[in-house]
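Report on the following structure.
Residue numbering restarts at 1 for every chain, and letters A, B, ... go by the order of the sequence lines. Heavy atoms only: backbone and side chains are in, while hydrogens, waters and symmetry mates are out.
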Number of protein chains: 2
Amino acid sequence: MSQIKETSTNYANKQALADECAEAYAANIMGGQWALVICSWLLNGKLRFGELKKHLPNITERMLTLQLRKLEASHILKRTVYAQVPPRVEYELTAIGYELRPIIKGMEEWGEKHKRVMATQKD
Amino acid sequence: MSQIKETSTNYANKQALADECAEAYAANIMGGQWALVICSWLLNGKLRFGELKKHLPNITERMLTLQLRKLEASHILKRTVYAQVPPRVEYELTAIGYELRPIIKGMEEWGEKHKRVMATQKD
DNA sequence: TATGGTACTATAAAAAATGTAAGTAATGTC
DNA sequence: GACATTACTTACATTTTTTATAGTACCATA
């Protein structure tokens, strides 16, 4: 998947932080350029690979695949393959995945508010 | 600060995402290995550089400085320097910084729950 | 036989984030 | 004058993440 060196200091630090801070643990799972937005789209229901791709205009297929695989490995979403040609694969949030909703919504609201606050600062 | 190339695809993608998805915008601000945990500690009140460092056992001074500067630039916290020797610098969340509390707490709870869920899977 | 659609994979390169190690400034105390 | 304290800064190395580009498999239809 992603190539993490289990001997690196960075790896050790992430582990240690995740062990004692559940919010850092969560951030590791939800980290990555597109993970949050993918989940955000999936909050409305299952989507196919190609549909997700359309919603994320500039993502490469490789990145989409990587992020989906990571989220799948963390049991945030589940992947269903239909034995068809051309292939059809659907992605859907799991129960724990859907529980991200209040957090994602919270971040959305906070982000909007932060934008407004920043607009009033003149730095 | 951090060296972002404004000509890179990555920069363009982040901008575009942040523009249309406030949750991605928020994630950019709160991103970084230690940012969330720093904010988490600061939810309990102002702390000095050295105190923060003690709370984050493996962080290097360079990383701590970088993350604090980034958070300051985003107006998540404010930095107060006291004209003393040896120096004394205090960091405190701003109003919009304190508004991260429900999000951080939400992530904390979700993280704990996710850990429990994962413990029951046998992969 | 050629073409098209879907969901990928492989490989390389570029960019970004993080870590390492050393040094700095100012001043009070020994 | 040497040393300790605090909050950094700088130069450089390494690791991790993201992007670029080009494939692949499958079968149905033209």
Side-chain angles (χ1 to χ4, degrees), chain A residues 1-17 24 27-38 46-54 56-72 77 79-91, chain B residues 1-17 24 27-38 46-54 56-72 77 79-91:
Chain A
M1 190 167 321
S2 51
Q3 56 286 27
I4 15 165
K5 262 200 177 175
E6 303 198 353
T7 54
S8 72
T9 304
N10 183 253
Y11 179 81
N13 283 349
K14 270 190 184 144
Q15 286 293 110
L17 255 192
N28 282 346
I29 292 179
M30 302 304 303
Q33 180 88 79
W34 312 87
L36 214 55
V37 183
I38 290 172
K46 60 175 71 163
L47 287 173
R48 296 179 61 174
F49 185 88
E51 291 172 325
L52 276 170
K53 199 184 152 193
K54 266 176 221 140
L56 309 168
N58 299 113
I59 199 170
T60 61
E61 298 191 340
R62 174 175 147 77
M63 276 314 291
L64 183 51
T65 302
L66 280 179
Q67 303 271 322
L68 288 170
R69 288 292 186 284
K70 186 184 170 192
L71 291 170
E72 190 192 0
L77 51 79
R79 177 169 176 267
T80 310
V81 183
Y82 295 89
Q84 304 177 357
V85 169
R88 168 189 186 81
V89 181
E90 285 183 346
Y91 292 92
Chain B
M1 189 170 321
S2 51
Q3 55 286 30
I4 14 167
K5 263 200 178 175
E6 303 198 352
T7 55
S8 73
T9 304
N10 184 251
Y11 179 79
N13 282 348
K14 272 191 182 141
Q15 287 292 110
L17 255 192
N28 282 346
I29 292 178
M30 303 303 304
Q33 180 89 79
W34 313 86
L36 214 54
V37 183
I38 290 172
K46 59 175 72 164
L47 288 173
R48 295 181 59 176
F49 184 88
E51 291 172 325
L52 276 169
K53 199 183 153 194
K54 266 177 220 136
L56 309 168
N58 299 112
I59 200 171
T60 61
E61 299 190 338
R62 172 176 145 79
M63 279 314 292
L64 183 49
T65 302
L66 281 178
Q67 305 270 320
L68 288 170
R69 289 291 186 283
K70 186 184 169 192
L71 290 170
E72 191 192 359
L77 51 78
R79 178 169 174 267
T80 310
V81 184
Y82 295 89
Q84 301 177 359
V85 169
R88 169 189 185 84
V89 181
E90 285 183 347
Y91 293 92

Under 4.0 Å between a side-chain N/O of [X] and OP1 or OP2 of [N], yes or no?
X: B/Lys14; N: C/dA17; result: yes
X: B/Gln33; N: D/dT16; result: no
X: B/Arg48; N: D/dT6; result: no
X: B/Arg62; N: C/dA22; result: no
X: A/Gln67; N: D/dT18; result: yes
X: A/Asn13; N: C/dT18; result: no

Q.
Looking at B/Gln67 and B/Ala35, would you say the former's side chain and the latter's main chain have a donor-acceptor pair under 3.5 Å?
A. yes
Roughly how many Å is it from [atom1] in [X] to [atom2] in [N], rounded to a whole number?
X: B/Phe49; N: D/dT9; atom1: CZ; atom2: C1'; answer: 11 Å
X: A/Lys5; N: D/dT14; atom1: NZ; atom2: P; answer: 9 Å
X: A/Met63; N: D/dT17; atom1: CE; atom2: P; answer: 9 Å

Taking D/dT16, D/dT19, C/dA16 as options, the one with an atom nearest any side-chain atom of A/Thr60 is D/dT19
Contacts of A/Thr9 and B/Leu68 projected onto DNA chain D by closest heavy atom; the upstream (5') one is B/Leu68
